[in-house]
Amino acid sequence: MKVCYIITKADEIGGAQIHIRDLSKRLLQDGHEPVVITGEEGLLTDFLKDIGVKVYVVEDLKREISIKNDLKALVKIIKCLKKIKPNLVSLHSSKAGIIGRVACSVLKLKVIFTAHGWAFANGVENKGKYIRIERFFSKFADRIITVSAQDKELALKYNVACDEQQVVIHNGMYDIQYPKKTKNISDTINLIMVARFSEQKDHKTLFESLYRIKSLNWHLHLVGKGPELEKFIKLSEELGLSKKITFHGERNDVDKLLFEMDVFLLIANWEGFPRSILEAMRSSLPVIASDVGGTSEAIKDGINGYLIPKGCSKTLEIRLSELIHSQSKRAKFGNQNRDDFINHFTFDSMYKKTFNVYSEIAK
């Protein structure tokens, strides 16, 4: 089977890029032919080329809306698809999803759109226009994969796509294991949040909570970059927390870093189905996360972590204090997360479900 993936961004490794990277690698190993069209060169294209995946770069395919660039991208993608002659086209990210569906409609190609969190998710401003856009373009997809049940319900709620058109396939990832460090009870409790500094994430609520428990023995590790990074570096200084927070920027060894941590945090305003939580579960870490998007489909409050109402710094403060003080609770939640990862969120599980959809649509 020849599967063509189309995605806008390649010079960042987020959930959609990892999805394409891992699926392409496995398809290639299984004797299939993955091909990728993207809007730029970057980390994703470097990896794909190294393993022998054909890549087409359409530089006019950009995240920003531009009628001129979008039309040029559409024409070039149609030309690429005529040359590739795929059995199936798999679309990822909003812009690639729209232009790709139009191109596939023109060429009468089978197409799947994967929604890695809708642009009209709860918490997003001006979501009305995104609902109208997705409602119109959904008719051009043979199937829509959502990465959480919550996203499927959102699409049903706003009449974006019907039940039969959608299938829920949770994200999955390869298993890795590193030796867990041995901690003494007196050791500093290392907290970590892996998240871009943008309006989607809620570092402000996290800082407010930590300020109120700054006398406790903790250290926060923040991994990621983004437009609000400098703002929060400054805020940490204003709150007197700069010595208790390390800003790591982007790291290519997050998997190893997680095994040195004690508690994983994901405090956000909205989410799809966050892969970073799966990484934490794989690493046997307890999780404290905002109860937004599909997060509750991985984290069960009081079972393998805590769910925090969006923007509630007081609840977050209480739950942080509990885990900082209780090694036994951290171990209990962490062990449960490891079991849940193995049972529900491995890459093999995701791949089999995804390939079954490919086979059904491509036949």
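Values reported hereafter were calculated over all heavy atoms of this structure, with side chains retained and with hydrogens, waters and symmetry mates removed.
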* To do: Decide yes or no for F247 and S236: does some side-chain heavy atom of the first lie under 4.5 Å from some side-chain heavy atom of the second?
  => yes
* ring-ring contact (aromatic ring centres under 6.0 Å, His included) contacts in which one or both residues fall within residues 286-318, not counting sequence neighbours -> Y306-F333
Do any side-chain atoms of residues 75-96 form donor-acceptor pairs under 3.5 angstrom with protein atoms, and if so which ones, sequence neighbours left out?
from, atom 1, to, atom 2, distance (Å)
K76, NZ, D60, OD2, 2.5
K85, NZ, K82, O, 3.1
N87, OD1, K2, N, 2.6
S90, OG, H92, NE2, 2.8
H92, ND1, H116, NE2, 2.8
S93, OG, T8, N, 3.4
S93, OG, T8, OG1, 3.0
K95, NZ, K62, O, 2.8
K95, NZ, E64, O, 2.8
K95, NZ, D70, OD1, 3.0

* Structure fact -> Sorted by chain and residue number, the side chain to side chain contact (heavy atoms under 4.5 Å, CB included) partners of K54 (sequence neighbours excluded) come out as V35, Y56
* Asked: Any idea how F120 and W118 line up, ring-wise: parallel (<30°), tilted (30 to 60°), or perpendicular (>60°)?
  -> parallel
* Are S326 and E322 linked by a side-chain donor-acceptor pair shorter than 3.5 Å? -> no
* Are more than 12 heavy atoms from other residues, nucleotides or ligands located less than 6.0 Å from atom NZ of K110? -> yes
* Any pair counted as side chain to side chain donor-acceptor pair (under 3.5 Å), so long as it reaches residues 348-357, sequence neighbours left out -> R26-D348, D30-Y351
* Asked: F207: what forms a ring-ring contact (aromatic ring centres under 6.0 Å, His included) with it, not counting sequence neighbours?
  -> F232
* Main-chain N/O of S296 paired to K300 side chain as donor or acceptor, under 3.5 Å -> yes
* Asked: Would you find a donor on one side and an acceptor on the other, under 3.5 Å apart, between the side chain of S290 and the backbone of A268?
  -> yes
* So, does H344 use its side chain to make a donor-acceptor pair with the main chain of D340 at under 3.5 Å? -> no
* Asked: Applying the 4.5 Å side-chain criterion to the ILVMFWY set and letting contacts propagate, would L265 and L216 be lumped into a single cluster?
  -> yes
* To do: Mark yes or no for whether S283, through its side chain, and E279, through its backbone, hold a donor-acceptor pair below 3.5 Å.
  => yes
* Would you list the pairs meeting side chain to side chain donor-acceptor pair (under 3.5 Å) in which at least one residue belongs to residues 152-174, sequence neighbours left out? => K127-Y158, K152-D163, H170-E297
